[in-house]
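Bear in mind that the values here come from a model prediction, so they are computed numbers and not experimental data. Every chain is numbered from 1, with letters handed out A, B, ... down the list of sequences.
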Amino acid sequence: MKAVGRACLFGDNIDTDAIIPARYLNTSDPEELAAHCMEDADPNFVSNMSKGDLIIAGSNFGCGSSREHAPIAIKAAGVSCVIAKSFARIFFRNSINIGLPIFECPEAVEEAENGDEFEVDMSEGKIVNLSKGKEYRSQPLSEEIQEIIADGGLVGHVRKRVMAGG
Amino acid sequence: MGMTLTEKILAKHAGRDRVRPGDFIVARVDLVLGNDITAPVAIAEFERIGATRVFDPDKIALVPDHFTPNKDIKSAEQVRIMREFAKKHGITHFFEIGEMGIEHCLLPEKGMVVPGDLVVGADSHTCTYGALGAFSTGVGSTDIAAAMATGELWFRVPETIRFVFRGSLKPWVGGKDLILYTIGKIGVDGARYKAMEFAGEAISSLSVEGRLTMANMAIEAGGKNGIFMPDQKTVEYLLERTDREYELLESDADAEYSEVYEFDASEIEPQVALPHLPENARPVSEVKGIQIDQVVIGSCTNGRIEDLREAAAILRNKKVARGVRCIIIPGTQSVYLQAVREGLVEVFVEAGAVVSTPTCGPCLGGHMGVLAAGERAVSTTNRNFVGRMGHPKSEVYLAGPAVAAASAVAGEIVGPEEVV
């Protein structure tokens with residue numbers, strides 16, 4: 001699977017309150033959450049982005065709360081994947097669990113500019129900055145995590161076990 | 001090579017003799033927690049899994065605390081989803097208004113976590129229970145859906161960083177100051193994915209409540225969990241709270257740590273973390289004089305009886321400064337009752353503060369004290385991110401109860417000694 005889109009750049013320590021402010025957490029409806037995605041980091045993010053665009057961010061992306069609403073909002077807004085220098089632990093877990101593709105790749109982040117065209121090969125973790133003509137490799141996900149993704153996220157993974165009587 | 005306490009607990013729950021940092025394991029969980037923001041998402045996922053029953057109705061805790069008492073119709077609907085799920089599955093530990101409290105104040109108080117437990121919660125501050133010598137970590141809603149269905153979850157065994165606090169604490173310095181100081185030293189991603197183990201004389205002398213405050217904020221350094229060796233204080237804390245049996249495990253002397261920090265606790269002043277990251281910790285003496293509009297004393301970080309006693313010691317026979325709104329939120333019903341019995345509520349009301357029913361409320365800009373543009377608050381909560389307590393142009397200064405109460409009296413940020 002490939003993602004193609006423009007880069008939307010963010011800095012270090014983008015927290016979950018910036019991704020989806022708590023004032024909107026009285027609902028878990030993905031569309032409602034998507035309407036406020038990244039609002040406190042960039043109030044114009046949702047109106048300026050196009051479906052398929054990528055979030056390119058610095059270190060510790062998604063720090064703070066455990067709210068799964070954060071990756072849900074990003075995914076529902078139409079962001080195809082997030083590339084960051086590093087991710088906060090719970091956000092990383094939540095993204096895998098709900099099927100939002102995320103990649104750690106500091107080099108790709110360092111050299112990216114706002115609006116650069118990217119192509120990402122999800123299964124190989126191959127990241128290409130088409131505007132710069134540069135190719136990067138993200139560290140492949142562990143086998144255990146690949147298995148969860150192959151089962152369609154954690155729900156699919158557990159469902160398979162429940163059905164098998166496990 | 002020995003194991004850390006974190007490794008021992010994970011190994012035991014995975015049915016292994018030993019684990020190493022980096023190992024992926026599937027482990028049994030002793031308690032699964034959800035709140036009014038995260039549980040509704042988990043319940044939807046639980047149903048999507050196709051599960052028909054929970055793994056153990058006694059080992060799930062559902063605590064509506066963030067927007068309760070329900071602040072609007074949507075919040076009320078979220079709690080209704082929890083209530084119906086709790087009823088359908090016979091969940092023992094579902095806490096409604098009248099018996100609820102802020103989850104991380106409530107569960108330890110009820111004796112629901114003992115040393116050696118493995119706890120997961122769809123709330124990032126689930127790391128609080130490490131104060132009792134448990135492995136406890138925040139996860140997402142889908143994770144707890146899986147855990148509620150199977151009683152298990154996957155983990156990557158974290159490396160452990162050890163923080164040793166030598167010496168004794170200065171007056172008015174407590175767990176909040178130690179953890180803000182620590183985060184100030186290592187940064188908000190300084191312990192990313194790692195276990196934070198706290199030790200040393202200053203930690204041994206700290207009450208269980210002070211340790212709960214410290215473990216609570218491990219996540220603010222990116223930590224997977226915070227952990228303390230259970231000791232006599234832990235045993236005494238649990239004595240009247242639970243009949244469960246537990247083992248007092250501790251890290252081996254030859255356990256391996258990714259890093260070891262040693263701090264001289266006697267040098268640490270009361271701390272204040274400036275906007276907009278908890279790592280912006282400074283000694284209060286360096287930031288005094290900043291004008292404030294609001295003070296919040298409460299939350300899963302500092303909503304326990306000791307915190308209220310500390311605030312009352314400063315507010316007694318004093319008045320909250322004109323122009324400052326001081327909101328005090330006992331963490332649980334029993335903290336509230338104790339505060340009434342000890343006369344603390346009278347002290348607060350006499351001082352011109354308001355006392356609320358337990359809620360997370362203002363900590364996350366939910367309700368009960370949301371900030372307008374340009375307003376500043378000193379808060380005993382755990383996060384000072386942009387927009388955390390309200391308008392994106394408001395500011396939050398994190399501190400312990402003593403600094404918060406003193407600042408309420410002064411109308412500006414000051415250390416406790418300037419007011420008492």
### Message
I need the residue from A/N94, A/N60, A/D40 with the largest number of non-hydrogen atom pairs under 4.5 Å to chain B.
### Response
A/N60
### Message
Between B/D123 and B/T126, is there a side-chain donor-acceptor contact under 3.5 Å, judged purely by atom types and distance?
### Response
no
### Query
Should the pair A/E124-A/R137 be classified as a salt bridge under the 4.0 Å nitrogen-to-oxygen rule?
yes
### Main-chain N/O of B/V188 paired to B/E279 side chain as donor or acceptor, under 3.5 Å
yes
### Query
Does a side-chain heavy-atom distance below 4.5 Å link A/P30 with A/K75?
no
### Query
Side chains of A/F92 and A/I102: closer than 4.5 Å at any heavy-atom pair?
yes
#### Entry: chain A contact via B/E152 - side chain, backbone, both or neither, heavy atoms under 4.5 Å
side chain
#### Entry: Separation between NZ of B/K194 and CE of B/M196, rounded to the nearest 0.5 Å
11.0 Å
### Query
Less than 4.0 Å between a side-chain N and a carboxylate O, is that true for B/K74 and A/E32?
yes
#### Entry: B/F67 portion near chain A, given a 4.5 angstrom heavy-atom threshold
side chain
### Message
What I'd like to find out is whether the side chain of B/P275 reaches to under 4.5 Å of the side chain of B/V396, using heavy atoms alone.
### Response
no
### Query
Counting heavy-atom pairs under 4.5 Å to chain B, which of A/A22, A/P43, A/G64, A/A70 comes out on top?
A/G64
### Message
Distance to the ring centre below 6.0 angstrom and angle to the axis at most 45 degrees; does that hold for A/R93 and B/F155?
### Response
yes
### Task
Find the one option among B/D72, B/N70, B/V370, B/D36 whose heavy-atom pairs under 4.5 Å with chain A are most numerous.
B/D72
#### Entry: Interface residues of residues 76-83 of chain A facing chain B - non-hydrogen atoms under 4.5 Å apart
none
### Query
Any idea which heavy atoms bring B/A149 and B/I49 closest together, and the distance?
CB-CD1, 4.5 Å
#### Entry: Contact summary for A/C37 and A/F45, nearest pair of heavy atoms
O-CD2, 3.6 Å
### A/L25, part contacting chain B, at a heavy-atom distance under 4.5 Å
both
### Message
I'd like to know which of B/G138, B/G366, B/P278, B/S75 tops the heavy-atom pair count under 4.5 Å against chain A.
### Response
B/G138
### Task
Would you mind telling me which of B/K224, B/R388, B/E45 has the largest number of heavy-atom pairs within less than 4.5 Å of chain A?
B/K224
### Task
Count the heavy-atom pairs under 4.5 Å between each of A/A88, A/S86, A/S59 and chain B, then report the option with the highest count.
A/S86
## Note on the structure
In terms of heavy-atom pairs under 4.5 Å with chain A, the winner among B/L364, B/I73, B/N382, B/T38 is B/L364
### Query
Based on non-hydrogen pairs under 4.5 Å, which of B/R192, B/H276, B/H66, B/H125 is most in contact with chain A?
B/R192
### Query
So, are A/E111 and A/K134 salt-bridged, with charged N and O less than 4.0 Å apart?
yes
### Message
Can you list the residues of residues 4-19 of chain A that sit under 4.5 Å from chain B, counting heavy atoms only?
### Response
A/N13, A/D15, A/D17
### Query
Are the charged groups of A/E39 and A/R23 less than 4.0 angstrom apart, N to O?
yes
### Query
What class does the angle between the rings of B/F85 and B/H89 fall in, given that below 30° is parallel, 30 to 60° is tilted and above 60° is perpendicular?
tilted
### Task
Examine whether an atom of B/I219 lies under 4.5 Å from a heavy atom of chain A, and if so say whether it belongs to the side chain, the backbone or both; otherwise answer neither.
side chain
### Message
Can you classify the ring geometry of A/Y24 versus A/H36 as parallel (below 30°), tilted (30 to 60°) or perpendicular (above 60°)?
### Response
parallel
